[in-house]
Every structure is written in structure tokens, then in C-alpha cells.
Amino acid sequence: DNGDFVFIDPKFTMTGSGFLKSRFIDDKASAVLLLLLLRWCSEKKVRFLHPTRIYFVVFEEVGHGASYLPRDIESMLGVDMGCIGDDLQCTEYDVSICAKDSGGPYSYEVVGKLIDAARREGADYAVDVYPHYGSDVEATLRSGYDIRHGLIGSGVYASHGYERSHVDGVLHTLKTLKGYLFV
């Protein structure tokens, strides 16, 4: 019927050279990253340095992904994807740190801490501006929250299609997350 969800086989493949191919690989990789981070915390008995909440949000593409958060949130880091294309530095092997997107610049403080974390952890990274891209963090800002905000993700080629990333980009994103949240 009208409005029903249709789920199609994402055709996930991991090549022998470490490329990950699938429809919607950005969402899958981001969810895996957050789950790996939580598993690492549990196994190593590591606690976050600051009160931290991890949300899995939906409906990013229609603009209300993280439009509601508890009012005590002071900062938000979106974990999504890094675009690859002309005039961009990011590749499938990198963690992308977004400095600005279509909604405006991200928090200078958060972007700086993400760059420091990537360097400290030895993660390959790129800092880019995405003029035609938006994130769940934008929905939070449009909803009236006054928070520090940032956005990272592994490099993804062919967004919103049959996408491609690389396991190295996912691992560099995980390293950067750990360096940002635990130092």
C-alpha cells in the first residue's frame, strides 16, 4: 500500500582488498562504529570522560533525524560519512572531518579537537567542506538547540546509491572517535 516500507537486498560485499560495497554503507558503517566503540568500552572496562549518550537516529534525509534531544546536551558529534568527489580531500581510506556543510560551519572547537584526536591516534584524515550536504546535527540546530557540534565519518564514494568505502576508513574513524571521547 501507499506508504509501506520496501526493503531491498543491499548487496553487501567485502572485497579481498578491503573495500566495502553496499547500498547505504554509510549508515551501516556508522552503526557498526558506535557498536564497536561500546563493545570496546565494555571489554576494557573504560568509561567515558564526560556524560555521553549514543543515539541511533533515522530520517536524516528528510531533515528531522536528531531534531529532539534532552535539553542538557552541550555538544553533539554526528557519525555519518565523508563525501568523495571533485574539490574534496577525503578518500575511502580516510576519516572525514566536516568543517562546514550546507547549514553552516561546525563548531571550531569540536573540529579542532577532532583533528587533534586523529593526529594523536595516527588516523588518516581529511577536513572538507560539503556545500550540498547536511547531517542529523543540522536538524538539531534547526530545532533551536545551542550546542557545540561536529561531524565525522569514513569516506564513502557514490552516496545514496551502491556505495563504496574501505575498511581502513572505518578504522580511522573509530580511532578518531576513541581519541575524541577518551582523551
Side-chain angles (χ1 to χ4, degrees), residues 2-7 10 22-35 37-38 48-90 94-118 125-161 163 165 169-170 173-174 176-181:
N2 289 334
D4 284 352
F5 289 98
V6 177
F7 297 91
S22 177
R23 290 185 177 103
F24 321 114
I25 194 72
D26 62 325
D27 296 330
K28 292 175 182 67
S30 298
V32 165
L33 284 168
L34 296 173
L35 293 170
L37 182 72
L38 291 171
F48 291 101
L49 295 177
H50 306 283
T52 302
R53 296 180 180 125
I54 294 181
Y55 294 96
F56 295 85
V57 296
V58 295
F59 298 118
E60 163 198 358
E61 279 75 16
V62 294
H64 58 83
S67 58
Y68 171 78
L69 294 173
R71 288 287 170 188
D72 63 342
I73 300 289
E74 296 175 8
S75 64
M76 179 176 176
L77 177 61
V79 181
D80 195 351
M81 62 169 278
C83 299
I84 296 172
D86 294 339
D87 299 326
L88 299 172
Q89 302 300 308
C90 191
D94 302 319
V95 55
S96 168
I97 300 171
C98 182
K100 179 185 178 302
D101 67 12
S102 63
Y106 281 79
S107 164
Y108 184 78
E109 177 186 356
V110 173
V111 170
K113 286 181 178 181
L114 289 166
I115 293 168
D116 291 344
Y125 71 95
V127 179
D128 275 312
V129 171
Y130 302 119
H132 305 292
Y133 176 80
S135 74
D136 290 312
V137 179
E138 272 187 42
T140 307
L141 297 175
R142 282 193 310 271
S143 294
Y145 290 83
D146 183 18
I147 59 173
R148 292 180 303 274
H149 59 297
L151 174 66
I152 66 171
S154 51
V156 174
Y157 178 79
S159 175
H160 295 88
E163 302 169 343
S165 191
V170 176
T173 305
L174 182 59
T176 303
L177 268 174
K178 285 170 57 179
Y180 177 78
L181 291 171

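If you read the sequence from its start, that first residue is 1, and numbering goes on from there.
- Qualifying salt bridge (charged side-chain N to carboxylate O under 4.0 Å, His left out) partners for Lys113, counting only residues two or more places apart in sequence or in other chains: Glu109.
- In this structure, Thr140 contributes its side chain and Ala66 its backbone to a donor-acceptor pair below 3.5 Å.
- Counted within 6.0 Å of OH on Tyr157, heavy atoms from surrounding residues, nucleotides or ligands total 12 or fewer; the atom is thus considered open.
- To the nearest 0.5 Å, the span separating CD1 on Ile25 from OG on Ser30 amounts to 9.5 Å.
- Here the OH atom belonging to Tyr106 is positioned 3.0 Å from the OG atom belonging to Ser135, to the nearest 0.5 angstrom.
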side-chain hydrogen bond (donor to acceptor under 3.5 Å, both in side chains) between Asp80 and Tyr133: does it pass, once the steps are laid out? CA-CA 11 Å; Asp80 195 351; Tyr133 176 80; 2.8 Å; yes

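- The closest donor-acceptor contact from the side chain of Ser107 to the backbone of Gly150 lies at 3.5 Å or more, if one exists at all.
- Within a 6.0 Å sphere centred on OH of Tyr108, heavy atoms belonging to other residues, nucleotides or ligands number 12 at most.
- The main-chain N or O of Cys90 is found under 3.5 Å from a side-chain atom of Asp128 such that the two form a donor-acceptor pair.
- With Tyr145 as the aromatic partner, Arg71 meets the cation-pi criteria of under 6.0 angstrom to the ring centre and within 45 degrees of the ring axis.
- Residues Ile147 and Leu141 form a side-chain contact, since some pair of their non-hydrogen atoms from C-beta on lies under 4.5 Å apart.
- When all heavy atoms of Ser102 and Pro131 are compared, the pair lying nearest together is CB-O, 3.2 Å.
- No donor-acceptor pair closer than 3.5 Å links the side chain of Glu163 to the backbone N or O of Val156.
- For Asp72, the side-chain contact (heavy atoms from CB on, under 4.5 Å) partners two or more places apart in sequence, or in a different chain, are Arg53, Pro70.
- Between Gly155 and Ser165, the closest heavy-atom pair is O-OG, 2.7 Å.
- To the nearest 0.5 Å, atom CG of residue Leu34 and atom CG of residue Leu174 are 9.5 Å apart.
- One N or O on the side chain of Ser143 and one on the backbone of Ser67 form a donor-acceptor pair closer than 3.5 Å.
- Atom CG of residue Leu38 and atom CG of residue Leu33 lie 11.0 Å apart, to the nearest 0.5 angstrom.
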Go through the steps to decide whether Tyr55 and Leu69 satisfy the test side chain to side chain contact (heavy atoms under 4.5 Å, CB included), and finish with yes or no. CA-CA 9 Å; Tyr55 294 96; Leu69 294 173; 3.9 Å; yes

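- Checked by atom type and distance alone, the side chain of Asp101 pairs as donor or acceptor with a backbone atom of Gly103 at under 3.5 Å.
- Residue Ile97 holds its CD1 atom at 5.0 Å from CD1 of Ile115, rounded to the nearest 0.5 Å.
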Phe48 vs Ile54, side chain to side chain contact (heavy atoms under 4.5 Å, CB included): CA-CA, chis, key distance, verdict: CA-CA 11 Å; Phe48 291 101; Ile54 294 181; 4.2 Å; yes

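- Here Leu151 contributes atom CG and Glu138 contributes atom CD; the two are 9.0 Å apart, rounded to the nearest 0.5 Å.
- Not one N or O on the side chain of Thr173 forms a donor-acceptor pair closer than 3.5 Å with the backbone of Val95.
- Shown here for Lys28 and Pro10, the closest heavy-atom pair between the two residues is NZ-CB, 3.7 Å.
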In sequence, state the C-alpha distance, the side-chain angles, and the governing distance for Val32 and Val170, and then conclude on side chain to side chain contact (heavy atoms under 4.5 Å, CB included). CA-CA 9 Å; Val32 165; Val170 176; 5.5 Å; no

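- By the 4.5 Å heavy-atom criterion applied to side chains, Lys178 and Leu37 are counted as neighbours.
- A search for ring pair (Phe, Tyr, Trp, His ring centres under 6.0 Å) contacts involving Tyr125 returns nothing, not counting sequence neighbours.
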